[in-house]
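Below is one structure, written out as structure tokens, with a few remarks after it.
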Amino acid sequence: MPRLYKFSQHALGRTILLCVIVGASLVYVAVAHQYLYTTLFGATPGVVEHQMDSSTSSEIQYWNPATMSAATDADLLDTPSNTSYDQQQSVSAGTPGQQAGHGSLDGNISDYRATVGKIFFSDGAGQNYVCSGTAIVSSNLNTIDTAGHCLYWNGRWMQNVIFCPLYDHGVGAFGCWAARDLFIPKDWQDAANLNDLHHDMGIAVLAPNDAGNLTDVVGAAGWSYNQKTEQPFYAYGYPAGSPYDGQSQQSCADGSKGAVWKHGAGQVISIPCKMTGGSSGGGWFIQSGGQYFLNGHNDFTSTMKPGHMFSPYYDDTWYAMYQASQKA
């Protein structure tokens, strides 16, 4: 007689055997649940946080008119021809979400210009760069949205990151705010290359300056994610490549509708726009209920679609990154 059968004939043996079977069943159910959840809904988006190595005061002091004027654009222009593109009819979206902004912002898109600013930063080699960004509504009152490559590129975090809203031929009356925490999606850190830009997203949390909290001073644009793309987009930024000089804010605000493209492991959006290097990170807005909401940013151009600008599609990963930034 098999030993297992003999063992099961005793009361104690039956009890122990029952416990083993129940325990194994629970483990199986848990593993199956995780597998099905991941298969159906995708794994929980990963987010990476980086606290700035230097003080916010030293970040501000790093910049002066000379270093600002010498900074070059960090845009990703004319992505390689081996990058995979496939235009699609619609985007694969999760549950949509949005939060309205605050400040002197109403139904006029021009009111949102004050939330868009110029970002200055440097890399580990001491090279200075410029991008663009947008002040968005947040619990910490000091959050900006930008492109991931403006905060993390070539395997390293950027330094001396500051944001100057409504920059116009020099720092305006608002001054500049220095970053204290940077956030990017984990898959942007893992795949920071020109072949997959669908999660080239970034968020910076700033420290208050002498004027106070950023969005108390300039207002805060609302944000949205998992939205339909077949609607008008309005793009802003600080292009520095010819024919622009990066000294003033420019826009593609004719309300052109977005087009969906499969790119890398995800999806991106394109609109007709001829802004150039330096505009990366500048906000794309959509309108809903009489207000405008951030729903993308200038990110890259491509020879596959001349005369157009591309943005990552703002999905659950963008929202996970935003939520993480609110805990900093």
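For this chain, numbers begin at 1 and follow the sequence in order.
With hydrogens and angles left out, the side-chain atoms of H297 and D200 include no donor and acceptor closer than 3.5 Å.
Note on F121: it clusters hydrophobically with V48, by side-chain heavy-atom contacts below 4.5 Å among ILVMFWY residues. By the rule that hydrophobic residues join a cluster once side-chain heavy atoms approach within less than 4.5 Å of another member, I109 and V116 end up as members of one cluster.
Shortest non-hydrogen contact noted between Y292 and N108 is CE1-C, 4.2 Å. Of all heavy-atom pairs spanning W188 and D196, the tightest one is CZ3-O, 3.7 Å. Closest heavy-atom contact between P165 and A114: CB-O, 3.6 Å. Closest of all the heavy-atom pairs between S248 and D168 is CB-OD1, 3.9 Å. Of all heavy-atom pairs spanning T134 and A221, the tightest one is CG2-CB, 4.2 Å. Across all non-hydrogen atoms, the minimal contact from G296 to S311 is CA-OG, 3.3 Å.
Interatomic distance, T146 OG1 to I184 CD1, rounded to the nearest 0.5 Å: 12.0 Å. Between the CD1 atom of I136 and the OG1 atom of T215 there is a distance of 9.5 Å, given to the nearest 0.5 Å. The OG atom of S224 sits 11.5 Å away from atom CD of Q291, with the distance rounded to the nearest 0.5 Å. Atoms NZ and OG, on K274 and S279 in that order, are 14.5 Å from each other to the nearest 0.5 Å. Note that the CD atom of Q247 and the OG atom of S69 stand 7.5 Å from one another [nearest 0.5 Å]. Separating the CH2 atom in W261 from the OG atom in S270 is a distance of 6.0 Å, to the nearest 0.5 Å.
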Exercise for review: For F285 and Y234, run ring pair (Phe, Tyr, Trp, His ring centres under 6.0 Å): C-alpha distance rounded to whole Å, both residues' side-chain angles, the deciding distance at 0.1 Å, then the answer.
Suggested key: CA-CA 5 Å; F285 297 91; Y234 306 84; 8.4 Å; no

Point to revise | Criterion side-chain contact (heavy atoms from CB on, under 4.5 Å) on I144 and W177, from CA distance to verdict | key: CA-CA 10 Å; I144 63 168; W177 280 256; over 6 Å; no

Review point. Does the side-chain contact (heavy atoms from CB on, under 4.5 Å) test come out yes or no for I162 and M68, once each step is laid out?
Key: CA-CA 11 Å; I162 67 170; M68 286 181 170; 3.9 Å; yes

Practice item. Go through the steps to decide whether D299 and H149 satisfy the test side-chain contact (heavy atoms from CB on, under 4.5 Å), and finish with yes or no. Key: CA-CA 9 Å; D299 199 86; H149 68 264; 4.2 Å; yes

Review point. Would V161 and L151 satisfy side-chain contact (heavy atoms from CB on, under 4.5 Å), going step by step from the backbone distance to the final call?
Key: CA-CA 8 Å; V161 180; L151 306 180; 4.3 Å; yes

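Contact of the W284 side chain with the I269 side chain is registered, since non-hydrogen atoms from C-beta on lie closer than 4.5 Å. For the pair V171/K118, no side-chain contact is recorded, criterion being any heavy-atom separation below 4.5 Å from C-beta on. No side-chain heavy atom of F310 sits less than 4.5 Å from a side-chain heavy atom of L197. M201 places a side-chain heavy atom less than 4.5 Å from the side chain of D315. F163 is listed as a side-chain neighbour of L206, based on a closest heavy-atom distance under 4.5 Å. Between F233 and I286, the closest side-chain pair of non-hydrogen atoms falls below 4.5 Å. Here the side chains of H198 and P312 are not in contact, with every heavy-atom distance at 4.5 Å or above. Inter-residue side-chain proximity for D73 and S280 is flagged as unmet; no heavy-atom pair is nearer than 4.5 Å.
Listed by chain and residue number, Q326 satisfy the side-chain hydrogen bond (donor to acceptor under 3.5 Å, both in side chains) test with S139 (two or more places apart in sequence, or in another chain). W318 meets the ring pair (Phe, Tyr, Trp, His ring centres under 6.0 Å) test with W223, Y314, Y322; sequence neighbours excluded. A search for salt bridge (charged side-chain N to carboxylate O under 4.0 Å, His left out) contacts involving K186 returns D190, not counting sequence neighbours. F120 is linked by a ring pair (Phe, Tyr, Trp, His ring centres under 6.0 Å) to W63, Y167, counting only residues two or more places apart in sequence or in another chain. Evaluation of the side-chain contact (heavy atoms from CB on, under 4.5 Å) rule for S251 yields Y236, A253 as partners, not counting sequence neighbours. Residues passing the side-chain hydrogen bond (donor to acceptor under 3.5 Å, both in side chains) test with D254 are S256, sequence neighbours excluded. In this structure W157 satisfies the ring pair (Phe, Tyr, Trp, His ring centres under 6.0 Å) test together with H50, Y152, sequence neighbours excluded. Residues satisfying the side-chain hydrogen bond (donor to acceptor under 3.5 Å, both in side chains) test with Y319, not counting sequence neighbours, are Q323. Residues satisfying the side-chain contact (heavy atoms from CB on, under 4.5 Å) test with Q127, not counting sequence neighbours, are T72, D123, Y129. With sequence neighbours left out, the side-chain contact (heavy atoms from CB on, under 4.5 Å) criterion links Q159 to S122. Scored by the side-chain contact (heavy atoms from CB on, under 4.5 Å) test, N64 finds A66, T67 as partners (sequence neighbours excluded).
With hydrogens and angles ignored, the 3.5 Å screen pairs no side-chain donor or acceptor of N213 with any backbone N or O of P208. Formation of a donor-acceptor pair under 3.5 Å by the T317 side chain with backbone atoms of G46 is not found in this model. Although no hydrogens or angles enter the test, the distance criterion places no donor-acceptor pair under 3.5 Å between the side chain of Q227 and the main chain of N295. In this structure, the side chain of D216 does not engage the main chain of G219 through any donor-acceptor pair within 3.5 Å. A donor-acceptor pair is defined here as one N or O able to donate and one able to accept, closer than 3.5 Å; no such pair exists between the side chain of D181 and the backbone of A328.
For residues 231-328, the pairs satisfying disulfide bond (SG atoms under 2.5 Å apart) are C252-C273, with sequence neighbours left out.
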